[in-house]
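Reminder, nothing fancy here: chain letters follow the sequence lines and each chain counts from 1.
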Amino acid sequence: QVQLQESGPGLVKPSQTLSLTCTVSGGSISSDSYYWNWIRQPAGKGLEWIGLIYTSGSTNYNPSLKSRVTISLDTSKNQFSLKVNSVTAADTAVYYCAREYSLWGKGTTVTVSS
Amino acid sequence: QTVVTQEPSLTVSPGGTVTLTCASSTGAVTGSYYPNWFQQNPGQTPRALIYSTSNKHSWTPARFSGSLLGGKAALTLSGAQPEDEAEYYCLLYCGGAWVFGGGTKLTVL
């Protein structure tokens, strides 16, 4: 069955760029008409939608993050990625990738600290 | 930006029925908001329960149902079980962006 796995550095310095990858296994990222999401959750707080990418490559972003976020797709590697620029401590969170909203990765913790 | 509001906390007795709601700051929630509902236990990944207002996933227990109620999206739990104690989040599609509610902490007591 299809599984998603987030990967990337667990520690990022303030003002730098956070980069995460979601690897899709058990199925092709470009098959069907799914869209692929990034969602985050600071410790002890609620969920925040970051953005999504369609298999066509078009994207939608959370307006509050749009100026700092880029989501991209690499069909050759069956992956999609997230970049968040100019991070601060407020970007510290568990980051999840998800296929639409039914299938989620286990999440990866990213801490922004010097 | 749209704000999505849920009850911060609710309590239900075992075997009882409870309705969680999800409101949009822009007005009445309709099917065009494609309401989703999620359950999250501490330390775990959110689990999808309902999509597009009232559709259940194959794994969604029959005691959960989704609807529109009084201009809000609603998640009704009928016959609460102790294992239903969790945080519940709604998600709405608002003008090209998706917005989560702040979550409802449901206690089964």
Exercise. Stepwise, does the side chain to side chain contact (heavy atoms under 4.5 Å, CB included) test hold for Phe38(B) with Ser102(A)?
Worked result: CA-CA 9 Å; Phe38(B) 303 87; Ser102(A) 61; over 6 Å; no
For this session: Could you note down all residue pairs passing ring-ring contact (aromatic ring centres under 6.0 Å, His included) where residues 7-33 of chain A supplies at least one of them, sequence neighbours left out?
Result: none
Problem set entry | chain A contact via Leu91(B) - side chain, backbone, both or neither, heavy atoms under 4.5 Å | side chain
Exercise. Do the side chains of Tyr54(A) and Trp49(A) join up, straight or via other hydrophobic residues, at under 4.5 Å, putting them in one cluster?
Worked result: yes
Problem set entry | Close contacts, residues 103-114 of chain A versus chain B, judged by heavy atoms under 4.5 Å | Trp104(A), Gly105(A), Lys106(A)
For this session: Report the C-alpha distance between Tyr101(A) and Tyr51(B) in whole Å, list the side-chain angles of each, state the deciding distance to 0.1 Å, and finish with yes or no for side chain to side chain contact (heavy atoms under 4.5 Å, CB included).
Result: CA-CA 8 Å; Tyr101(A) 299 107; Tyr51(B) 64 98; over 6 Å; no
For this session: Measure Glu100(A) against the heavy atoms of chain B and call it side chain, backbone, both or neither at under 4.5 Å.
Result: neither
Problem set entry | Pairs involving residues 50-69 of chain B, ordered by first then second residue, that meet salt bridge (charged side-chain N to carboxylate O under 4.0 Å, His left out) (sequence neighbours left out) | Arg63(B)-Glu83(B), Arg63(B)-Asp84(B)
Exercise. Who in residues 62-96 of chain A is close to chain B, using a strict under-4.5 Å heavy-atom cut-off?
Worked result: Asn62(A), Pro63(A), Ser64(A), Tyr96(A)
Exercise. Quick one: does Asn60(A)'s side chain have a donor or acceptor within less than 3.5 Å of a partner on Gly96(B)'s backbone?
Worked result: yes
For this session: Go through Trp98(B) and Leu52(A) one step at a time and tell me if the side chain to side chain contact (heavy atoms under 4.5 Å, CB included) criterion holds.
Result: CA-CA 9 Å; Trp98(B) 290 88; Leu52(A) 63 80; 3.7 Å; yes
Problem set entry | CG on Leu4(A) to OG1 on Thr45(B), rounded to 0.5 Å | 11.0 Å
For this session: Consider only side-chain heavy atoms of I, L, V, M, F, W and Y, link residues closer than 4.5 Å, and tell whether Ile53(A) and Ile29(A) are in one cluster.
Result: yes
Exercise. Tyr61(A) and Ala97(B): which non-hydrogen atoms are nearest, and at how many Å?
Worked result: O-CB, 4.4 Å
Exercise. At a heavy-atom separation under 4.5 Å, does Pro42(B) approach chain A through its side chain, its backbone, both, or neither?
Worked result: neither
Exercise. Should Leu20(A) and Val24(A) be regarded as members of a common hydrophobic cluster, given that ILVMFWY residues are connected when their side-chain heavy atoms come within less than 4.5 Å of each other, either directly or indirectly?
Worked result: yes
Exercise. In terms of hydrophobic clusters joined by side-chain contacts under 4.5 Å, are Ile50(B) and Leu10(B) together?
Worked result: yes
Problem set entry | Arg40(A) CZ to Phe100(B) CZ distance, which is reported to the nearest 0.5 Å | 12.5 Å
Exercise. Crowded around Tyr35(A) OH? As in, over 12 foreign heavy atoms under 6.0 Å?
Worked result: yes
Exercise. Is the count of non-hydrogen atoms from other residues, nucleotides or ligands lying under 6.0 Å from Leu109(B) atom CG greater than 12?
Worked result: no
Seminar exercise, completed: Of Gln40(B), His57(B), Arg47(B), the largest count of non-hydrogen pairs under 4.5 angstrom with chain A goes to Gln40(B)
For this session: Is it possible for you to say whether Leu20(B) and Leu69(B) belong to one hydrophobic cluster, with membership spreading through side-chain heavy-atom contacts below 4.5 Å?
Result: no
For this session: Search all heavy atoms of Tyr89(B) against all heavy atoms of Lys45(A) and return the closest pair with its distance.
Result: OH-O, 3.6 Å
